[in-house]
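I have placed the structure first, in the form of structure tokens, so that the comments after it can refer back to it.
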Amino acid sequence: MGYTLSQKIIKNHLISGTMAAGEEISIRIDQTLTQDSTGTMAYLQFEAMGIDKVRTEKSVAYIDHNTLQAGFENADDHKYIQTVASKHGIFCSKPGNGICHQVQLERFGIPGKTLLGSDSHTPTGGGIGMLAIGAGGLDVAVAMGGGPYYITMPKMMKVELRGKLRKWVTAKDIILDVLRQISVKGGVGYILEYAGEGVKTLSVPERATITNMGAEHGATTSIFPSDEVTLEFLKAQGREGDWSELKADDDAVYDKTIVVDLDALVPMVAKPHSPDAVETVDAVGKIKVDQVFIGSCTNSSYTDMMKVAKILKGKTVHPDVSLVIGPGSKQVLTMLAENGALADMIDAGARILESACGPCIGMGQSPKTDAISLRTNNRNFYGRSGTMSAQVYLVSPEVAAVSALTGVLTNPCDLGDTVDISVEMPKKFKVNDNMVIPPAENSADVEVVRGPNIKPFPINKPLAEDVEGVSLIKVEDNITTDHIMPSNAKLLPYRSNIPYLSDYCLAPCDENFSKRAKENGGGFIIAGSNYGQGSSREHAALVPLYLGIKAVIAKSFARIHMANLINNGIMPLTFKNADDYDKIDEGDTLALDGIRGLILNGGEIVLKDVTKGIEIPVDITLSDRQRQIMAAGGLLNFTKANITK
Ligand code: MIC
Ligand code: SF4
């Protein structure tokens, strides 16, 4: 029996375990990336491990999320990251150089290698055949220290691409169709491998749009083969030496197959507030638009931007629309500036942003009250734009640009052949890595600068024999990490300050949650299915830890968040019978007797609802290693005791 593409990469990197789906395996990590909003914590944790130099082939610290500098906080974080990176053998991509995933793809990603990133959209690297996985900061810190990365061996899903996209239909529509088919939970436990005749018709940036947004269906990662198209891309980046061919064996076996007929696709849109609320643009109709944002790590490549420039050239943005464009990297922005496309955008009335995450994570450009905002990014979770009443629709750059001109959601196919949007992939990209600072040769020369915004992070205590507390909140299905630990221009500057952030934990669900947690000295969270979907932010576990949360009892969990809870010693318990969710109310006193022994040795776990006098069977899925981590009170305690200096 042959191997799938990702099974081959896993096999080449396997450290422990057997490659049977559902088993815990550990793999060697070749490259890591961090970004600033998860990076400060990851580097504080790395420092706490006491390792001098990273032990990866390449580690890059990007500064791309917190680039608005409305006070000293972000600039302090930037300085800390640049100095701590320099001291420990890590390259630092300075603010302005671009969004981590775009730059990693352009400059550092290598087919067949493993990449672990403290950002959920790390799978962008799958666009060039990397096994690129998003994780919490602590997992990335351990990987930087040379420690293995542990995952549950995923099942394999083949996405067969048939035919060829028609004009005005894009890679964004492919991934939106996948989300329509499998939902925001459908990828959990899988790697999605793209295959079929349609693959060769897609450029690397198109492939990267698809693997990037794979984060939204919850998969461990998504990947394309590395072929001639990949070679041409790497050649144009001056990196042909990094190329190797990679594909699945003909007799590879998949657990599931889905099909996307590229010829039949039409422009799509994901409606508020979920990336899987997908409909065709025509079905949603010509709704009036207030804001359009074109950018983010999903759709900010050179080719995306050139198409947008061609649509805008010689036209004017509709008077009622604010059009904002953020090219993905310095490379993209420089090329647009040199070939005149930037002038076409500015002339049409676009507001140009620096190459950074920007509006995608609510760092500026929050829309007006009740606004309709069309965005090319990957997430439209409630409140993420910074305006709670805004309605964010996810679309392709083509739909976005055309709608910015008409002022209403517009199917670009209506333009037919009146606009030429053909863009050649450059034979040579503009390569200048002058904003990537190499690490110091002599780390003793580097002083790590810590501003007053850098506060210590919470570390759990070993798990107690018995645990008791109050059910502090009961939330529904698909709660995102943007609910658990919101991010916007007011909060993101405090990513290194857990006590400050703690006041806002779960605020979009209930603004009194944090107060209640503090009054009760911690307790439990009760949740529906897919709890913690979305971002990799470890803050969604660190802040609950700070608030004294002992366990989250849910119908099911999203992968990265569940790992973050375990890493911080918070128990992710699941209801054995999903209906038992209905039996617990907010305010009930809950108890887990003898839980330490049960976690360490296994056995039936019973959650007592002391208030109601009932017993509820619950479960926890842990490997032997995770049992030890949980008992130790988290991965840091566990690693400190185990890692070799
Ligand atoms: C996101 O897109 O949600 C983020 C912001 O990039 C996060 C990371 C973070 O919260 O800092 C992610 O995707 O992991
Ligand atoms: Fe940045 Fe948005 Fe991409 Fe997250 S999804 S890395 S915030 S651009």
H65 meets the side-chain hydrogen bond (donor to acceptor under 3.5 Å, both in side chains) criterion, sequence neighbours left out, with Q35, D119

Between Q533 and E216, is there a side-chain donor-acceptor contact under 3.5 Å, judged purely by atom types and distance?
no

When you compare the side chains of N567 and D139, does any donor N or O come within less than 3.5 Å of an acceptor on the partner?
yes

Heavy-atom closest pair (L600 atom, A631 atom, distance to 0.1 Å) is CD2-CB, 3.7 Å

Indicate yes or no: does D276 engage R180 in a salt bridge with an N to O separation below 4.0 Å.
no

State whether a side-chain donor-acceptor pair under 3.5 Å links T114 with Q31.
no

Would you call K612 and D588 a salt bridge, using N to O less than 4.0 angstrom?
yes

If only side-chain N and O atoms count, and only distance matters, is there a donor-acceptor pair under 3.5 Å linking T124 with N212?
yes

Only counting residues at least two apart or in another chain, list the ones meeting side-chain hydrogen bond (donor to acceptor under 3.5 Å, both in side chains) with T387.
none

Main chain of I484, side chain of T481: is a donor-acceptor contact present, judged purely on distance under 3.5 Å?
no

So, Y149 versus S26: side-chain donor-acceptor pair below 3.5 Å or not?
no

Contacts of D52 that satisfy side-chain hydrogen bond (donor to acceptor under 3.5 Å, both in side chains) - sequence neighbours left out
none

Shortest non-hydrogen separation from A61 to A85 and the atoms involved:
CB-CB, 4.2 Å

SB check E586 R516 (cutoff 4.0 Å):
yes

Got a sec, which pairs hit salt bridge (Lys or Arg N to Asp or Glu O under 4.0 Å) with one end in residues 616-638, sequence neighbours left out?
E24-R625

Not counting sequence neighbours, list each pair that qualifies as a salt bridge (Lys or Arg N to Asp or Glu O under 4.0 Å) and has a residue in residues 1-23.
K8-D249

Side-chain donor-acceptor pair present, T298, N378, cut-off under 3.5 Å
yes

Parallel, tilted or perpendicular: which fits the ring planes of H121 and H101, with parallel below 30° and perpendicular above 60°?
perpendicular

Examine the side chains of Y62 and Q104 and answer whether a donor and an acceptor come within less than 3.5 Å of each other.
yes

Basic-acidic side-chain contact under 4.0 Å: K576, E604:
yes

Less than 3.5 Å apart, any donor N or O on the side chain of S536 or S120 sitting next to an acceptor on the other?
no

Salt bridge (Lys or Arg N to Asp or Glu O under 4.0 Å): which pairs involve residues 536-565, sequence neighbours left out?
D482-R537

Go through the side-chain N and O atoms of K455 and S496 and say whether any donor and acceptor fall under 3.5 Å apart.
no

Under a 4.0 Å threshold between the charged nitrogen and the carboxylate oxygen, would E57 count as salt-bridged to R28?
no

Donor-acceptor contact present, side-chain N380 to main-chain V392, <3.5 Å:
yes

Residue of the set I525, T574, D580, L590 for which side chain to side chain contact (heavy atoms under 4.5 Å, CB included) holds with I553
L590

Short side-chain donor-acceptor distance under 3.5 Å, N637 and N460:
no

Between H13 and D30: side-chain donor-acceptor atoms closer than 3.5 Å
yes

Nearest non-hydrogen partners of A219 and L192, listed with the distance:
CB-CD1, 3.9 Å

Before accepting this row, confirm whether a basic side-chain N of the pair K518/D503 lies closer than 4.0 Å to the acidic partner's carboxylate O.
yes

Atom of P572, atom of I566 and distance for their closest heavy-atom approach
CG-CG1, 3.7 Å

So if I apply the side chain to side chain contact (heavy atoms under 4.5 Å, CB included) rule between M213 and each of S222, P123, P275, which one comes out positive?
P275

Pair S59-T32, side-chain donor/acceptor within less than 3.5 Å:
yes

Show the nearest heavy-atom pair for residues S514 and S502, with the distance to one decimal.
OG-O, 2.9 Å

I need the minimum non-hydrogen distance between S487 and L492, along with the two atoms involved.
OG-CD1, 3.2 Å

